[in-house]
Protein chains: 2
Amino acid sequence: MSKDENEKISLAVVKRLPRYYRYLGDLLEHGITRISSGDLSKKMGVTASQIRQDLNKFGCFGQRGYGYNVEMLYAEIKKILGLDREYNMIIIGAGNLGQALANYPNFRKRGFKFIGAFDKNPDIVGKTAGDVVIMDISELEPFLKENRVDIAVLSIPKYNAPKISPILVENGVRGIWNFSHIDLNTPDSVVVENAHLTESVMTLSYKLSELEKNNKE
Amino acid sequence: MSKDENEKISLAVVKRLPRYYRYLGDLLEHGITRISSGDLSKKMGVTASQIRQDLNKFGCFGQRGYGYNVEMLYAEIKKILGLDREYNMIIIGAGNLGQALANYPNFRKRGFKFIGAFDKNPDIVGKTAGDVVIMDISELEPFLKENRVDIAVLSIPKYNAPKISPILVENGVRGIWNFSHIDLNTPDSVVVENAHLTESVMTLSYKLSELEKNNKE
DNA sequence: GTTTTTCTGTTAAAATAATAATATCTGAAA
DNA sequence: TTTCAGATATTATTATTTTAACAGAAAAAC
């Protein structure tokens, strides 16, 4: 029996799910059919308590005296993460990063399907990125009216993002994966996940500086 | 006067610093020379308390009755994040993503300098990525012995990562920016920052599923 | 100059999150 | 059957993180 359906689950927990999912996938690949929270905790370097509590937020997937059935838990997390369906994606800004994402085979495998790519640079319009032909950015709006787009990948310079974002929102895009260095201002009917690579590398440089500071002491 | 130097600062705080840095940079660009925590909090959508407390972890940068001097605070955070120096970087796995990173001009601007790229695919060895020629992966170890490499960007398939990671560690690389879908097992003398894009997009699909679930109710 | 307002640093309180402890259930072996 | 170790669900505790409150210093106004 699952918990109170309306309980809002914290982002901290949600962000850990993909990691559980990855480890369970690895276990499956190795033919392991069951695992206890204790064993999983050793593999993952987290406490068994945390694993149990995280999973219990979504339901009772384990069995006392047995542990978790790997295949079943994997399928449950897949469902929880919304990976049991297909998403139509488009790329806005088909530069190096955009093309890299479009060419990444794992997305397709997981149900993220690129159905369009747009750029304003005439040098690359007409070329292909992954399976799709790059269109001029002026074709974005008509395209959105013709096709159901679930997720837009925004990999354009920050000063262009505020112009594009409302076009997406107004034409039914509900999810934005934002690689642009800016915080988007979207209504609650749209979800944004930021992938600010620059901030990630800055965290790394902070850690490096700390490391060196400690070594000197 | 800065606080207890040995106090360990939580990752949550550190991860917010780049965002402060970004907003301060924007303010600078707009010629704004001072700002109060209250005004900044409105812009950023966080509490003023949090801003004050975050910054206070590193020192007393503000002035009562005045606020924060934007230029000075920007410079301080730059120093805290370790962005006041240069880092030599290499790319391991010069596929689409690796090349996209190598070509990203902002890294260079911020002091992250690519000095090498490696791949095992003979089709791309010899081509250029950003400013550097892609070398065969067999040249990695000799290269590390000849050059000071601060950061290695790991963008290779997960099954190769465990082979490469020890080579990096043993040859003095202290920072790894990990795009491979695996958790690296490195000693404490090395820092790792994960940039797991797949996990990021899974978080997005979770949020999307939640959104749709709530709309149905 | 003096007074008023602004706005930080700091302390305290509240809210969250992580960990530990306990009670309960399962399944296999005796 | 019965027993018992294994392992979770759940509750309690502790730790961390965030928010709020406030005293007091500096700036601005008069």
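Chain identifiers are assigned alphabetically (A, B, ...) following the order of the sequence lines, protein sequences preceding nucleic acid strands; residue numbering begins at 1 within each chain.
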Counterpart residues, side chain to side chain donor-acceptor pair (under 3.5 Å), relative to Y74(A) (two or more places apart): Y21(A)
Taking only the side-chain heavy atoms of R34(B) (C-beta and beyond), determine which of dC7(C), dT10(D), dT8(C) contains the nearest atom. dC7(C)
Bend angle of the helix from dG1(C)-dC30(D) to dA30(C)-dT1(D), from helix axes over five pairs at each end, nearest 10°: 10°
Would you say the base of dA20(D) and the side-chain of S49(B) have a donor-acceptor pair closer than 3.5 Å? yes
Does the Lys NZ or Arg CZ of R34(A) fall within the cation-pi geometry relative to Y68(A) - under 6.0 Å from the ring centre and within 45° of the axis? no
Using 4.0 Å as the upper bound for N to carboxylate O, is an ion pair formed by D26(B) and K158(A)? yes
Those residues of residues 71-78 of chain A lying under 4.0 Å from DNA chain C by at least one heavy atom: none
DNA chain C contacts among residues 10-26 of chain B, heavy-atom distance under 4.0 Å: none
Under a 4.0 Å threshold between the charged nitrogen and the carboxylate oxygen, would R52(B) count as salt-bridged to D54(B)? no
Please collect all ring-ring contact (aromatic ring centres under 6.0 Å, His included) contacts where either partner lies in residues 190-209 of chain B, sequence neighbours excluded, each pair once. none
If the threshold is 4.0 Å, N to carboxylate O, is there a salt bridge linking E199(B) and R22(A)? yes
Shorter than 3.5 Å, N or O on both sides, protein versus nucleotides 27-30 of chain C: list them out with atom names.
unit_1, atom_1, unit_2, atom_2, d
dG27(C), OP1, Q63(A), NE2, 3.4

